[in-house]
Protein chains: 2
Amino acid sequence: MVNKKDDNQTEKAILEAADKVFTQKGFAAARMEDIAQEAGINRALLHYYFRSKDKMFDLIFQQRVSIFFSGLGQIMHSEKPLIEKIQAIVEHEITILLAHPYLPIFVLQELNQNPHRMLAIAENAGAHPSLLLKKFSVEVRAEIKAGTIRETDPAQLFMSIMGMAIYPFVARPVVKIILEKDDVGFESVMLQRKKEITDFIIHALKP
Amino acid sequence: MVNKKDDNQTEKAILEAADKVFTQKGFAAARMEDIAQEAGINRALLHYYFRSKDKMFDLIFQQRVSIFFSGLGQIMHSEKPLIEKIQAIVEHEITILLAHPYLPIFVLQELNQNPHRMLAIAENAGAHPSLLLKKFSVEVRAEIKAGTIRETDPAQLFMSIMGMAIYPFVARPVVKIILEKDDVGFESVMLQRKKEITDFIIHALKP
DNA sequence: GTCTATAGGGTGATAGAC
DNA sequence: GTCTATCACCCTATAGAC
């Protein structure tokens, strides 16, 4: 226990580097050399800490998926009234995606190639994906019955919410060109978008 | 010109195979061997027809982006009234994506890694991306001024339309689990979704 | 713990026979 | 045009010195 330099210092550096490289390039295009350079260390060290590229990737990927789902699960199962809940979802998604720009395209791309990974990981994260909609659906139907919102299919509504919030980040390079914005401009548009989406949905749901 | 077997028969087979493999795995993960097998031929033949993996990919990618944008451009620049135009966009996107399930995640993933490719290709396709919004914006503002729709930012509206239509396909594996559907069920939900989205937008835009 | 050197396997591309 | 054989390189992983 005497001669170790910064034990979990380098481990942390590696994890950050791996996250950056994997997230930006995807598993196949990412090379161990890229990660080592990004972390300022040697390739062999990566294997010393994490054995293999696959093991490293699984770790990173699981973390990323958790970010994507854990917060969402809490909101979905909370006791807020429907409109507030929708507002919270939108704010949460956009806030997270502003902090992690490459997150959704990375997760969705890797998931598309390995759909089975999804279940195991998401359940680990505590958010049974198939249960996400259950409570939400009940609440939507209750509001419809009470006449406070228009007749709508809960699943379709949920897809609309997620699509409006997440899609611009997935299509970021296209959006930047079409809107003629740089990164700063893009982020400012996404900040406005929080209120824009919520208003849009509230009006769309009016009876 | 006597002994050649099926000249553009194999070429066509290769293109189809390349499209399938590249679209499903992305450039980095796709191997020439995969494509050759899928086409029922030999690796060397791929190089005989298309020289290199890069050249092959560029070709496929350009075609895919064209599918994505060419039809959209026509609709955006047409003379339909606003609501009809929005309806046409939604129907067009969902129809195309039902026919090409892996298209958006593929295009968006590769674009994220090579944003510069975007411009050259999209302009080739005849749809200046930065002009896509111009006419649409004017029309939206006209309707607002006429009092037929609510005050809305055209760019935000456009992102909402595209997000609602495209996102479920990008997140297809997640959606299938959350909605507990198989492929057939997913497609039927997306068919319903055409009307769902249009209604949603019309209500959201009511003054 | 961290490095250098190298093994071992895979992949894109070409040469050359048919 | 289509195949087999092979080259040359790159990348993951490990062995071994410090």
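The figures that follow rest on heavy atoms only: side chains count, while hydrogens, waters and symmetry mates do not. A note on names: the letters A, B, ... follow the listed sequences, proteins ahead of strands, and every chain is numbered from 1.
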ask   = What parts of residues 25-37 of chain A reach DNA chain D, counting only heavy atoms under 4.0 Å away?
value = A/Ala30, A/Arg31, A/Met32
request  = Please check if any side-chain donor atom of B/Lys194 sits under 3.5 Å from a side-chain acceptor atom of B/Thr95, or the reverse.
outcome  = yes
Would you tabulate the pairs of protein nitrogen or oxygen atoms and nucleotide nitrogen or oxygen atoms of nucleotides 16-18 of chain D closer than 3.5 angstrom?
none

ask   = What's the CZ-C1' distance between A/Phe50 and D/dA13, to the nearest Å?
value = 16 Å
ask   = Just how far, in rounded Å, is P of C/dA13 from NZ of B/Lys55?
value = 9 Å
remark   = Checking D/dT2, C/dT2, C/dA13 against the side chain of A/Tyr49 (C-beta onward), the nearest is C/dT2
message = Aromatic contact between A/Phe22 and A/Phe61, with the criterion being ring centroids under 6.0 Å apart: yes or no?
response = no
key: Main-chain N/O of B/Phe158 paired to B/Ser160 side chain as donor or acceptor, under 3.5 Å   = no
inquiry  = Of the listed nucleotides (D/dT12, C/dA13, D/dT2), which one gets closest to any side-chain atom of B/His47?
reply    = C/dA13
query = Starting at CG of B/Leu46 and ending at P of C/dT14, how long is that distance when rounded to a whole Å?
reply = 13 Å
Between D/dA13 (P) and A/Tyr48 (OH): distance, integer Å = 17 Å
key: Distance, rounded to the nearest Å, where A/Phe22 contributes CZ and D/dC11 contributes C1'   = 13 Å
query = With respect to the side chain of B/Arg43, which nucleotide from D/dT2, C/dG12, D/dA13 is positioned closest?
reply = C/dG12
Option passing ring-ring contact (aromatic ring centres under 6.0 Å, His included) with A/Phe169 (candidates A/Phe68, A/Phe186, A/Phe106, A/Tyr102) = A/Phe186
inquiry  = Does A/Lys55 qualify as a cation-pi partner of A/Tyr49, given the criterion of NZ or CZ under 6.0 Å from the six-membered ring centre and within 45 degrees of its axis?
reply    = no
Minimum heavy-atom distance between A/Ala88 and A/Lys80, given as atom pair plus value = CB-CE, 3.9 Å
key: Distance, nearest 0.5 Å, that separates CG of B/Asp183 from NZ of B/Lys176   = 3.5 Å
ask   = Counting just side-chain N and O atoms, does A/Thr10 come under 4.0 Å of either OP1 or OP2 of C/dG1?
value = no
query = B/Asn8 has an atom CG; how far is it from atom P of D/dT2, in whole Å?
reply = 11 Å
inquiry  = In this structure, how many angstroms lie between the C1' atom of C/dG1 and the NZ atom of A/Lys12, rounded?
reply    = 19 Å
Within 6.0 angstrom of B/Arg150 CZ, more than 12 heavy atoms from elsewhere = yes
message = Looking only at the side chain of A/Asn42 (C-beta and beyond, no hydrogens), which of the listed nucleotides C/dC3, D/dA13, D/dC3 gets closest?
response = C/dC3
Separation of atom NZ in B/Lys53 from atom P in C/dT14, rounded to whole Å = 15 Å
key: Crowding at CD, A/Gln74 (>12 non-hydrogen neighbours, <6.0 Å)   = no
